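Sharing a structure, written as structure tokens. Questions coming.
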Amino acid sequence: MLVRDAMSTVVLTIGPAHTLRQAAALMSTRRVGAAVVLDPDGTGIGILTERDVLNSLGLGQDPDSEHAHAHTTTDVVFAAPSWTLEDAAHAMTHGGFRHLIVLEQGEPVGIVSVRDIIRCWAPVRRQAAQHTPA
């Protein structure tokens with residue numbers, strides 16, 4: 001199975017000037033765990049995850065004055081739609097993260113998460129187990 005089969009095509013994009021509260025509200029409304037941060041004048045494409053917001057709050061920072069750019073991961077590993085889910089899972093495990101931005105021709109076309117991979121693998125594994133002789 002490929003990343004294109006598992007990825008969410010609902011890509012929340014925000015700018016670097018969004019506050020963490022604004023980003024969290026948008027992520028909550030869209031029911032996603034990450035936002036793609038587009039900064040054409042700076043770092044390009046980055047990602048802000050729910051963990052980034054949580055870490056900031058845990059440090060006692062004000063979500064109304066902290067901006068996305070200060071918490072965005074910019075050394076992002078990108079996936080291609082043609083990657084296998086095994087490739088994506090390996091990249092996530094190796095990098096210690098739970099989301100990959102999927103790029104096609106340099107543009108974000110989706111996000112694949114650990115949850116997306118599990119959602120695809122669970123039925124396949126269950127079906128294989130049912131057809132394995134005991």
Side-chain angles (χ1 to χ4, degrees):
M1 193 169 277
L2 302 178
V3 164
R4 76 170 43 89
D5 303 319
M7 72 183 190
S8 170
T9 56
V10 175
V11 180
L12 172 61
T13 58
I14 63 171
H18 276 81
T19 66
L20 291 187
R21 184 176 307 279
Q22 291 170 325
L26 290 167
M27 286 190 279
S28 178
T29 299
R30 297 268 184 99
R31 299 178 52 92
V32 296
V36 174
V37 181
L38 299 178
D39 187 1
D41 298 326
T43 57
I45 300 173
I47 191 166
L48 179 75
T49 67
E50 56 199 358
R51 184 181 296 172
D52 297 323
V53 175
L54 187 64
N55 287 340
S56 174
L57 293 175
L59 292 171
Q61 297 174 332
D62 180 2
D64 291 313
S65 63
E66 288 295 313
H67 292 95
H69 70 84
H71 301 277
T72 298
T73 300
T74 55
D75 58 339
V76 179
V77 175
F78 298 103
S82 59
W83 279 19
T84 65
L85 292 186
E86 288 82 5
D87 292 335
H90 176 76
M92 290 177 185
T93 302
H94 182 72
F97 44 81
R98 299 178 295 167
H99 298 86
L100 284 170
I101 299 171
V102 183
L103 290 185
E104 193 165 50
Q105 298 177 356
E107 295 295 321
V109 294
I111 291 185
V112 65
S113 69
V114 170
R115 180 178 293 151
D116 296 325
I117 293 172
I118 291 170
R119 181 178 39 81
C120 289
W121 278 351
V124 172
R125 304 273 193 248
R126 188 170 32 252
Q127 186 177 31
Q130 290 172 352
H131 295 294
T132 303

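Here the structure is a predicted model, which means the values were calculated and not measured.
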Is there a path of hydrophobic side-chain contacts, each under 4.5 Å between heavy atoms, that joins Val109 and Met1?
yes
Distance check, rounded to the nearest 0.5 Å: Trp83 atom CH2 versus His90 atom NE2?
9.0 Å
Backbone N or O of Ala25 within a donor-acceptor pair of the Thr29 side chain at under 3.5 Å?
yes
Kindly indicate, with the supporting measurements, whether the criterion side-chain contact (heavy atoms from CB on, under 4.5 Å) is fulfilled by Thr13 and Val11.
CA-CA 6 Å; Thr13 58; Val11 180; 4.0 Å; yes
Once you round to the nearest 0.5 Å, how far does CG of Leu48 lie from CZ of Arg51?
12.5 Å
Please examine the side chains of Asp116 and Ile118, heavy atoms only from C-beta on, and report whether any two atoms are closer than 4.5 Å.
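A side-chain contact is absent here, since even the closest heavy-atom pair is not under 4.5 Å.
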Are Ile47 and Ile14 linked, directly or through other ILVMFWY residues, by side chains that come within less than 4.5 angstrom of each other?
no
Side-chain contact test, heavy atoms from C-beta onward, threshold under 4.5 Å: evaluate it for Thr84 versus Leu2 and give yes or no.
yes
Are any side-chain N or O atoms of His18 and backbone N or O atoms of Gly15, one a donor and one an acceptor, separated by less than 3.5 Å?
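Yes: the side chain of His18 pairs with the backbone of Gly15.
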Joint hydrophobic cluster, Leu26 plus Leu20, side-chain heavy atoms closer than 4.5 Å:
yes
If I compare all heavy atoms of Ile117 with all of Ala88, which pair ends up nearest, and what's the gap?
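So the minimum-distance heavy-atom pair works out to CD1-CB, 4.0 Å.
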Quick check for you: to the nearest 0.5 Å, what is the distance between Phe78 atom CZ and Leu103 atom CG?
5.0 Å
Least distance between heavy atoms, Glu104 atom then Pro81 atom:
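Minimum heavy-atom contact is OE2-CG, 3.7 Å.
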What's the spacing between Arg21 CZ and Ser28 OG if we round to 0.5 Å?
12.0 Å
Looking only at heavy atoms, which two atoms of Ala17 and His67 are closest? And how far apart?
O-CD2, 2.8 Å
Consider only side-chain heavy atoms of I, L, V, M, F, W and Y, link residues closer than 4.5 Å, and tell whether Val32 and Val112 are in one cluster.
no
Taking all heavy atoms of Val3 and all of Ala80, pick out the closest pair and write down the distance.
CB-O, 3.6 Å
Using only atom types and a distance under 3.5 Å, with no angle test, would you say the side chain of Thr72 pairs donor to acceptor with the backbone of Thr74?
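No, because the side chain of Thr72 does not come within donor-acceptor range (under 3.5 Å) of the backbone of Thr74.
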Sub-4.5 Å side-chain heavy-atom contact between Met7 and Leu100
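No. Closest side-chain heavy atoms not under 4.5 Å.
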Output the distance between atom CG (Leu38) and atom CD (Glu107), rounded to the nearest 0.5 Å.
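One finds 8.0 Å between CG of Leu38 and CD of Glu107.
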Salt bridge (charged side-chain N to carboxylate O under 4.0 Å, His left out), paired with Glu50, selected from Arg115, Arg31, Arg30, Arg98
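When salt bridge (charged side-chain N to carboxylate O under 4.0 Å, His left out) is applied between Glu50 and each of Arg115, Arg31, Arg30, Arg98, only Arg98 qualifies.
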Taking side chain as C-beta onward, heavy atoms only, is Val102 less than 4.5 Å from Arg4?
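Val102 does not reach Arg4 side chain to side chain.
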Could you check if a side-chain atom of Ile45 sits within less than 4.5 angstrom of a side-chain atom of Pro108, using non-hydrogen atoms only?
yes
Answer whether the closest heavy-atom distance between the side chains of Glu66 and Thr19 falls below 4.5 Å.
no
Answer whether the closest heavy-atom distance between the side chains of His99 and Thr49 falls below 4.5 Å.
yes
Does the side chain of Leu85 come within less than 4.5 Å of Trp121's, by heavy atoms?
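They are in side-chain contact.
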Show the numbers, then the answer: is there a side chain to side chain donor-acceptor pair (under 3.5 Å) between Ser56 and Gln61?
CA-CA 6 Å; Ser56 174; Gln61 297 174 332; 2.6 Å; yes
Could you walk me through whether Thr73 and Asp52 pass the side-chain contact (heavy atoms from CB on, under 4.5 Å) check?
CA-CA 9 Å; Thr73 300; Asp52 297 323; 4.3 Å; yes
